[in-house]
Number of protein chains: 2
Amino acid sequence: MTDSLSERKQGKRERLVAGAREVIYRHGVETTTIADIAQAADVPVGNVYYYFKTKDELVAAAIDGHAQDAQAALRSLERHRAPQARLKALVRELMSQREQVADYGCPLGTLCSELDKRADGLDRSCSELLRLPVDWAEQQFRTMGRRDARDLAVALIAAYQGIALLTNTFRDPELMTREGRRLERWIDSLA
Amino acid sequence: MTDSLSERKQGKRERLVAGAREVIYRHGVETTTIADIAQAADVPVGNVYYYFKTKDELVAAAIDGHAQDAQAALRSLERHRAPQARLKALVRELMSQREQVADYGCPLGTLCSELDKRADGLDRSCSELLRLPVDWAEQQFRTMGRRDARDLAVALIAAYQGIALLTNTFRDPELMTREGRRLERWIDSLA
DNA sequence: GTCTATATTTAGATAGAC
DNA sequence: GTCTATCTAAATATAGAC
C-alpha cells in the first residue's frame with residue numbers, strides 16, 4: 001500500500017536528517033561526508049541522492065530540524081507564568097546540556113560559527129536560527145517591563161554562547177555550571 | 001650571501017604564515033586549500049611543501065602566530081597601572097575590532113570552534129590559545145582582590161566570545177558596541 | 001523506490017627538472 | 001632553494017540495473 005511505502009520513505013528521509021544533524025554536530029559541516037551521514041542513518045550511500053539532490057540540501061534540512069526543535073523547546077518554557085521563571089528555566093535547560101557541550105559545543109553556535117564563513121543561503125538560515133532564542137528572551141525581558149529588553153536578551157544569549165565555547169574548548173562542563181548560577185542571579189537582580 | 005638567501009627564505013615562510021592566518025580567518029580551516037594560501041602569500045603552490053610538510057603544519061604555524069600576537073597584545077595592556085583600567089582597555093581593544101568581527105567573527109573563537117571538533121593536536125593548541133586571555137584576566141581580577149577571579153575571568157572572556165558570535169551571525173557591529181559599554185560598567189561595579 | 005558501480009572533480013602531496 | 005607537472009586519494013554526484 002501507499003501507506004507503508006510512504007512511511008518507509010518518510011522514515012528514511014527523517015533518519016537522514018537526524019543522521020546529518022548528529023554527524024554534523026559531532027564533526028562539523030565541512031568535514032562531514034555524505035557517506036558519514038548515510039552510515040549514521042543506515043541508508044546506502046547512493047540512495048541519499050534520491051532524497052536530497054546535494055549535500056547542501058541535507059545541511060539545510062538539518063538546520064531546519066534544529067529550528068523546529070528550538071521553537072518547540074522555547075514554547076515549552078512558556079509553561080512557566082512569570083518571565084523571570086521562564087528565563088531561568090531557559091538557563092537551566094541550556095546548562096543541563098553541559099556534558100554534550102563540553103564534547104561538541106553548542107549545536108546552534110557551532111553551526112552558526114562554521115556556516116557564517118559561507119556566502120550561500122546557509123549562513124542566512126543560521127542567522128534566523130540564532131534569532132529565535134534572542135527574540136524569545138527579548139519578549140520575556142519586555143514583559144518584565146525592561147526598556148533595554150533587546151540588549152539584555154543579546155547579553156543573555158551571548159553569555160550562553162560564550163560559555164559554551166569555553167566549555168567546549170577547555171572540555172570542562174563545570175564552567176557551565178558556575179556561569180549558569182551567575183546568570184540566574186543576574187536574572188533575579190533585574191526583577 | 002647567506003643573509004639575502006635566508007632573508008628571502010624567512011620572507012616566504014612568514015608570508016605563508018600570514019597568508020594562512022588571513023585566508024583561514026576569512027574562510028575557515030577546512031574549506032581553505034593549500035592553493036588558496038599559496039595565492040594569498042604569492043608563493044607557487046608546489047613551493048609551499050618546502051616550508052611546510054603538510055597542511056596541518058601550516059595551520060599549526062597560523063595558530064602559533066595568533067598566540068604570539070595575543071601575548072604581545074596582552075603585555076601591551078599592562079601599560080595601564082590599575083587592573084580595572086587594564087581590563088577595560090582589553091574590552092575597548094576587543095570592541096574596536098567590531099567591523100572585522102561582524103564580517104568574519106573572532107579570529108581566536110572561530111578557530112577554537114572549528115578545531116575543537118578534531119582529535120589531533122590542533123585542538124589542544126587552540127585550547128592553549130584561548131587560555132591566554134582568560135589567565136591574563138584572572139590575574140587582573142585577582143590583583144583587584146577578588147576571590148572569584150577565575151569565574152569572573154571566564155565570564156568576561158565568555159561574554160566577549162558570545163557577543164562576537166552574535167555580531168558575526170547577525171552581521172551587526174553595533175551589538176559589540178552596546179555589549180562593550182555594558183561590560184565596562186560591569187568591571188567598574190566590581191571595583 | 002532502492003541500490004551498486006562508477007564517472008567527475010578537487011585537493012593534498014610528491015618527483016624531479018632547473 | 002624554486003617551481004612545474006603529476007600522482008593519489010577521497011568525496012560529490014550520476015547512470016542505470018533491479
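Here is the naming used below: chain letters follow the sequence lines, and residue numbers restart at 1 for every chain. Both backbone and side-chain heavy atoms feed into the values below; hydrogens, waters and symmetry mates do not.
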> Taking OH from B:Y49 and P from D:dA5, how many angstroms apart are they, rounded to a whole number?
17 Å

> Please report, rounded to the nearest Å, how far the P atom of C:dG1 is from the CZ atom of A:R13.
12 Å

> Quick one: do the A:W136 and A:Q71 side chains pair a donor with an acceptor below 3.5 Å?
no

> Report the C-alpha distance between A:L165 and A:T169 in whole Å, list the side-chain angles of each, state the deciding distance to 0.1 Å, and finish with yes or no for side chain to side chain contact (heavy atoms under 4.5 Å, CB included).
CA-CA 6 Å; A:L165 180 73; A:T169 299; 4.1 Å; yes

> Let me know the distance between CZ of B:R15 and P of D:dG1, rounded to the nearest Å.
15 Å

> Calculate the interatomic distance between B:N47 atom CG and C:dA13 atom P; express it in whole Å.
16 Å

> Look at all strands and tell whether B:T32 reaches a base, only sugar-phosphate, or nothing, counting heavy atoms closer than 4.0 Å.
sugar-phosphate

> Over how many whole Å does the gap from B:F52 atom CZ to C:dA13 atom P extend?
13 Å

> Taking for each residue the nucleotide of DNA chain D bearing the nearest heavy atom, is the 5' side occupied by A:K53 or by A:T33?
A:T33

> How far apart are the closest heavy atoms of B:A38 and B:L16, and which atoms are they?
CA-CD2, 4.4 Å

> In this structure, how many angstroms lie between the C1' atom of D:dA11 and the NE2 atom of A:H27, rounded?
16 Å

> Taking for each residue the nucleotide of DNA chain D with the nearest heavy atom, is it A:D56 or B:G46 whose nucleotide lies nearer the 5' end?
B:G46

> B:K12 side chain: which of C:dG12, C:dC3, D:dC3 is closest?
D:dC3

> Return the value, rounded to whole Å, for the distance between atom OH of B:Y50 and atom C1' of C:dA15.
16 Å

> Distance-only, no hydrogens or angles: does the A:D116 side chain make a donor-acceptor pair with backbone N or O of A:S113 under 3.5 Å?
no

> In whole angstrom, give the distance that lies between atom CD of A:E57 and atom P of D:dT14.
11 Å

